[in-house]
Amino acid sequence: MSNRNFSTKLLLGSAIAFLLYSCQPKPATQSTQKGLIAEQAMVVSARKEASDIGIAILQKGGNAFDAMMATEMALAVTYPFAGNLGGGGFAVFRLNDGSLGSIDYREKAPLAADRDMYLDENGDIIPGMSTQGAMASGVPGTIAGIFAAQEKYGKLSPAEVLAPVIELAERGFVVTENQAGRFARLRETFQEVNGPGTYFAQEIKAGQTLTNPALAATLKRIAQHGRDEFYKGETAQIIVDHFEKIGGIISLEDMNSYEAAWREPIVFNYKDLKIISMAPPSSGGITIGQIFEMISPYDLKGYGHHSPEYVQVLVEAERRAYADRNYFLGDPDFVDIPVGELLDEDYLRNRMASFSMEKATKSEEIAEGEIAFAENMETTHYSIVDQEGNAISVTTTLNGAYGSKVYIDELGFFMNNEMDDFSSKAGEPNMFGLIGAEANSIAPGKRMLSSMTPTLVEKEGKLWMVVGTPGGSTIITSVVQTILNVYEFEMSMQEAVEAPRFHHQWLPDLVSFEPNSFDSTLISILKAKGYQILENNNPIIGKVDAILVLPDGKLEGGADPRGDDAASGF
Ligand code: GLY
C-alpha cells in the first residue's frame, strides 16, 4: 500500500470513527437541579421498565408512535394499576414538521347500556354498580388507539414493537414498595370480584419478580394477528364470554364495532405560548383553555409562587371553568359543544368579573350543590420526544385503581370502570366528586367525559413542553400548575413536577392542598377570605411526567417522585 493511500485510508477511517462516535446515542445525564437530560430523545412514564422499552424501540429505529405502543403495553405489564389493555386513553401529538393531531381511544358505553342503568326503582343511584364488577366497564379502546396511531405514523411492525414487551411479561418485573402496598390493600377485593384463584389473589411482596404469562400470550396473539385479534378474534371472544359469565353486557357487537377516533386538538395561546391539548370527549383541553384565558390578565409572577393572590386567581378561574365543564361537555359525537363560545376571550373575562381579591366567590353563587370529596389518583401518563423531533403526550386509564377490579385471568389484564365517568344521574357526583349534567348522560355507544389532559406546548413556534398526569378531576389543575411553574416561575422541569400542588373543582366548594407542603400563613389568609380548605385526608395531587425542550435543544425530563416514575433518554 502506498503512503498516500495509507494516509487517505487513515484519514477516512478516523473520519468514519468520529462520525460513528458522534452519531452514537450518548447516555443521558442526571444533574441534581434538573431532571434527566438527554440529547435527542426521551420517554417519561410511571415505570422505569416502560420508559426503557420506549427508548429501546427508538434506538431500534422506531419513532414516537412505535415508542407509544411499546410504552403503553409495557405499562400494562408493569403497572396494572392503570396501564392497560382493558381501558382507554387519549394521545396528542406534534410531528417534527409542526403538524398537530390527536387520537381518542376512550371507552364507549356498551350498546345494551341505557341512561338509567345505575338507578334503582326509586331513581336512586345503586352504590358501587358503576365502579366495581361486571356492569362498570365500557368497551375498551386502548388496543384500537395504539394500533391506529402506530399504523399511520410508526415505522416498525407491531410484532417488532411488541417483542420486548412480551419478553418483559415472560421475564417479569420487580415489584416496588408502592405496588406491593396497593396489591395488599386490594387483595380481598380482587378475590371478591374474581374468585379466590385469581392471579392477583396471591401475596405479592416488594422486591419480588412478577411475571404475567397470560398477558404475554395475549400480546403474542395481538402481535401476530394485529388489532383485530383484540376486537374480533379469540381475545374478543374471551372478553365477551367472561362478561356474560359474570353478568355484564359487553357483547361481540360492541367489540367488533369499536374504533378509535382522530380528533382536532384544542389549541389556544397563553401569552407567547401555544398550548395544544385534548378535545372532547376529554374536558381537558377546553377546561385548561378556559383557565389560562381567565388568569392571563393577572400578574402571577408578581404575586409570587404559592402566594395567596396566586392561589386565589387560579382557584377562582378553576371554579368557573369546572362549572362550565360539568354542564356543557360530553361526547361530541352525541352532543353539541359550544367550543368557540367556551373559549371566547370576552366570555371568559366576563366570567371573572365577579371575582374580587377581597373574598372567595361561593360556588353556590355559580350553581347549587354540596357533596363529599372523593380521593383518587388513578390513570397514568407518559410523554415522549423522539430523535426526529416528533412529540407525543399520552394519558391512559382504567379509571379507578385496577379499574372495575374485574381481572380476566385467561388474558392477564384488568377491565376498566370507566362507566362511572358518565353522569349516572344529573346533579349527583361520580367517584371524583364531579357533578354531571345531561351532556354526559349514558347512551349506547357514547363516550364518557374525561378529565385526561395530555398536552403539548410550543414557544416561538417550536416544541417546548410535553406534559400530562393522572389524578381524575385533579389532572386539569395539575397540568396548569406545571406549565405555570416553568413559564411564570422559571423552574426546571423536574422542580416544576415536584412542586406541591393545590386543587379546586367548583363543587365541592373546597380547596385541597397537598399535605404538609404549604405555608400555614397562606392557609390562614385564604380561610380569612372565606375559602374552605380541605385539611384532612388530602389526596396526593397527580403524578406528572413531562419533558421540557431546553434552549440548547436538549431534553429535560420531569419524573414525578410521588410515584415510581422514571425518565429514560439518549
Ligand atoms: N377516568 C378518569 C378520566 O378520564 O378523567
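We count ligands from 1, going down the list as the structure has it; atoms in each ligand are counted the same way. Just the heavy atoms: all of them, side chains too, but no hydrogens, waters or symmetry mates, feed the values below.
- Of the candidates Glu72, Glu259, Arg447, Glu72 is the only one forming a side-chain hydrogen bond (donor to acceptor under 3.5 Å, both in side chains) with Tyr105.
- Taking the ring centre of Trp262 as origin, the terminal cationic atom of Lys152 falls inside the region bounded by 6.0 Å and 45° from the ring axis.
- Between Tyr270 and Phe292, the ring planes are tilted. Angles from 30° to 60° get that label.
- Between Tyr322 and His503, the ring planes lie perpendicular to each other; the angle is over 60°, past the 30° to 60° tilted range.
- Counting the atoms of ligand 1 from 1 in the order shown, those under 4.0 Å from a heavy atom of Arg106 are 4 (O).
- Heavy atoms of Asp421 found under 4.0 angstrom from ligand 1 belong exclusively to the side chain.
- Looking at Met448 against ligand 1, nothing comes within 4.0 Å, counting heavy atoms.
- Counting the atoms of ligand 1 from 1 in the order shown, those under 4.0 Å from a heavy atom of Asn399 are 1 (N), 2 (C).
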